[in-house]
Amino acid sequence: MLALVLALGAAAAGAAGVAAYRLLLSPLRRIPGWAPYRLTALASQLRALAGLLADDCEADYYAYGDIYVAGPGVVVISNPDDCCAVLATHRFAKSDFYQAFALVADNIYTTRSAALASARRRQLRHTLAPARLAALEHAILDAGVGALVARWDALIAGRGAGAAVRVQYEAALMDAAVDVIAALVYGRPSDDVGGRAQVVQWIHDFNRLALVSLIVPWAQRAPFSALIARLLASRDAFVASVARAVAQRRALPAAQRPADILQALVDAADAGPAGMMTPTQVISEAIAIVIAGSDIVAQTLVWTLHYLMLHPAAYARAVAEVRRAFPHTRRIAYAEARARLPYVEACIYEAMRIRAATGVFLPRVVPPGGAEFQGHRLPPGTHVCVNVAGANHHRATWHEPWRFAPERFLGDERAKARILTFSSGARLCPGRALALCEMLPALACLLRCYDFALPPDARFHPANVDARGAPIPMPRAHRFTCVGPRHPDRDCQVLIRPAA
Ligand code: HEM
């Protein structure tokens, strides 16, 4: 009994010592932040698990400003210059967090190796560079928005002329994004891979498995692995699907091989040691790209359409621009859209700024020698998280950042480069050009083909405003690597009618 009391006393004294150090002596003690976050990471981890990370990133930026503490040894920065300085080079390496996603092998997204990250960029540039994407544009349009319009047209035809049809656009846009990435990574429609729903399930399960591995690093070892057997089986099926696609591609005569993402990876593997690409890495890279290139594209379009529904004047202006520029065509190519639809493009940028589908932390580690931000010295090893939502709402950078105002991007290419939604610097999103080439024609085509309206029972509508008079957006949830609507079935309903 005495031993137990002594042990408890020692543990309490130890905890008090750690708490005193974190509150009074830590080199981070003068940085603003919520006191409980200085003591333990548990509070922020529980909020992150509840999907609240994006809300916290935005609210904490408005509460604490350019720099604040979000956990013991964890600092969050939102000043765009500071963020770009961290992201500019490979000096601030990606944190351990990313390793949880290396469920097959290290890949372009998870790696901390500058050599590997740079090699992958070179290999993918052959396919993903803006100039190369023109070759894939037909495949992107056919598989994505083309197929979505065909489905919606069939739905409308089935209801009879003039009737409005109610659709859940989050699911529809996710299907379209998965179809595009399946075409580019598997080289075939998602129906041939196992079906759209199957691919979506693999993506979600893979992310869930990464999350479990992050929280419980030994979860994949027996006997614990039995508890996550379904997730492991789903990961294995995902791997097998890509392995089959690689085998099918290798069986094709060289002249029939398309210049798509899968081919870029296969070519790198065929380059021998210089390609730094083993057969397992081909699969790991392909899976990373399926995940990185689907949900985020879909959710970005979801937020854009949602904000347009909340702002009728912006919606009317975007619709008028598309229908004036393309009165006779329902299929709009990227180059034409870029040249003739500046306002529609600005709407996508503004949605990416105000509610980025990636509006959470990009965690990095302070290198040897330490670093200084906003007058605070951070010791080496400190986790420094770039707050994408914070930087995108930065008050000194954006006028009234809480306001949806697509005009701020009109004629201002520098403003487009100022948002951090695609990250920046050494690890800037390599799929940025592909995403834009997918999203702009898709939105333009939807606004050209259909009149959109909120249903009468919509909870979030233009008249439902906050204290500043801005329409309140639907609640969001941060799921794994992406921020989407919290209740898509409830909040992503629209009525569509064929446009005149
Ligand atoms: C609107 C769409 C997209 C957004 C907003 C977006 C955003 C981002 C961001 C913020 C990062 C940095 C993540 C980090 O450092 O933690 C990133 C990385 C990445 N993205 Fe995208 N992305 C989009 C679409 C795509 C597409 C279509 C692809 C497919 C090729 C893609 C492939 C990747 C890859 C492979 C990385 C890892 C790069 C690295 O770490 O070096 N993304 N993306």
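Given the structure is predicted, the values throughout are model-derived calculations rather than measurements. Ligands are counted one by one from 1 in listed order, and the atoms in each one are counted from 1 as well.
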*Asks:* Give me the atom names and distance for the closest heavy-atom approach of Asp270 to Arg250.
*Replies:* OD1-NH1, 2.8 Å
*Asks:* List every atom of ligand 1 that sits less than 4.0 Å from any heavy atom of Leu128, numbering the atoms from 1 in the order shown and giving each element.
*Replies:* 30 (C)
*Asks:* Indicate yes or no: at least one non-hydrogen side-chain atom of Leu310 is less than 4.5 angstrom from one of Pro473.
*Replies:* yes
*Asks:* May I ask whether Ala288 places a heavy atom under 4.0 Å from ligand 1?
*Replies:* no
*Asks:* Could you tell me whether Arg317 sits above the aromatic face of Tyr343, with NZ or CZ closer than 6.0 angstrom to the six-membered ring centre and within 45 degrees of the axis?
*Replies:* yes
*Asks:* Give the residue and atom name of whichever protein heavy atom lies nearest to atom 21 (Fe) of ligand 1, and the separation in Å to one decimal.
*Replies:* Cys429 SG, 2.3 Å
*Asks:* Nearest to atom 14 (C) of ligand 1, what protein heavy atom do you find, and at what distance?
*Replies:* Tyr98 OH, 3.4 Å
*Asks:* Any nitrogen or oxygen of Ser423 lying under 3.5 Å from a nitrogen or oxygen in ligand 1? Just yes or no.
*Replies:* no
*Asks:* Evaluate Thr358 for polar contact with ligand 1, using N/O atom pairs at a separation under 3.5 Å.
*Replies:* no
*Asks:* Do the two ring centres, one from Phe404 and one from Trp398, sit under 6.0 Å apart?
*Replies:* no
*Asks:* Between Lys94 and Val365, which heavy-atom pair has the shortest distance, and what is it?
*Replies:* O-CG2, 4.4 Å
*Asks:* Taking the six-membered ring of Tyr61 (Phe, Tyr or Trp), confirm whether the NZ or CZ of Arg395 is under 6.0 Å from its centre and within 45° of its axis.
*Replies:* yes
*Asks:* Can you pull out the closest protein heavy atom to atom 19 (C) of ligand 1? Residue, atom name and distance to 0.1 Å, please.
*Replies:* Pro430 CD, 3.6 Å
*Asks:* What atoms of ligand 1 come within less than 4.0 Å of a heavy atom belonging to Ala435?
*Replies:* 1 (C), 2 (C), 24 (C)
*Asks:* Backbone or side chain, does any N or O of Ala117 fall under 3.5 Å from an N or O of ligand 1?
*Replies:* no
*Asks:* With a 4.0 Å heavy-atom cut-off (strictly under), which part of Leu124 contacts ligand 1: side chain, backbone, both or neither?
*Replies:* neither
*Asks:* Can you confirm if the NZ or CZ of Arg448 lies within 45° of the ring axis of Phe326 and under 6.0 Å from the centre of its six-membered ring?
*Replies:* no
*Asks:* About how many Å separate CD1 of Ile348 and OH of Tyr307, when rounded to the nearest 0.5 Å?
*Replies:* 15.5 Å
*Asks:* Using a 4.0 Å heavy-atom threshold (strictly under), name the region of Arg432 that reaches ligand 1: side chain, backbone, both or neither.
*Replies:* neither
*Asks:* To check your reading of the model: name the closest protein heavy atom to atom 4 (C) of ligand 1, its residue, and the distance in Å.
*Replies:* Ile296 CG2, 3.3 Å
*Asks:* Can a non-hydrogen atom of Arg364 be found less than 4.0 Å from any atom of ligand 1?
*Replies:* yes
*Asks:* Centroid-to-centroid, Tyr62 to His393, below 6.0 Å?
*Replies:* yes
*Asks:* Considering non-hydrogen atoms of the protein only, which is the closest contact for atom 27 (C) of ligand 1, and what is the distance?
*Replies:* Gly293 CA, 3.5 Å
*Asks:* Checking the N or O distance criterion of under 3.5 Å, is ligand 1 in contact with Thr421?
*Replies:* no
*Asks:* Among protein heavy atoms, which sits nearest to atom 6 (C) of ligand 1, and what does the distance come to when rounded to 0.1 Å?
*Replies:* Phe422 CD2, 3.7 Å
*Asks:* I need the nearest protein heavy-atom contact for atom 35 (C) of ligand 1: residue, atom name and distance, please.
*Replies:* Ile108 CG2, 3.6 Å
*Asks:* Here's one to test your reading of the geometry: is the NZ or CZ of Lys416 within 45 degrees of the ring axis of Phe409 and under 6.0 Å from its centre?
*Replies:* no
*Asks:* With respect to atom 31 (C) of ligand 1, which of Ala357, Gly431, Ser95, Ala356 exhibits the smallest heavy-atom separation?
*Replies:* Gly431
*Asks:* Considering only heavy atoms, which of Asp295, Thr481, Val290, Ile289 lies nearest to atom 29 (C) of ligand 1?
*Replies:* Ile289
*Asks:* Just to confirm my output: which protein heavy-atom neighbour is closest to atom 40 (O) of ligand 1, and how far is it?
*Replies:* Lys94 NZ, 2.7 Å
*Asks:* Check this for me - ligand 1, Arg121, N or O atoms closer than 3.5 angstrom, yes or no?
*Replies:* yes
*Asks:* Heavy atom under 4.0 Å from ligand 1: found in Met439's side chain, backbone, both, or neither?
*Replies:* side chain
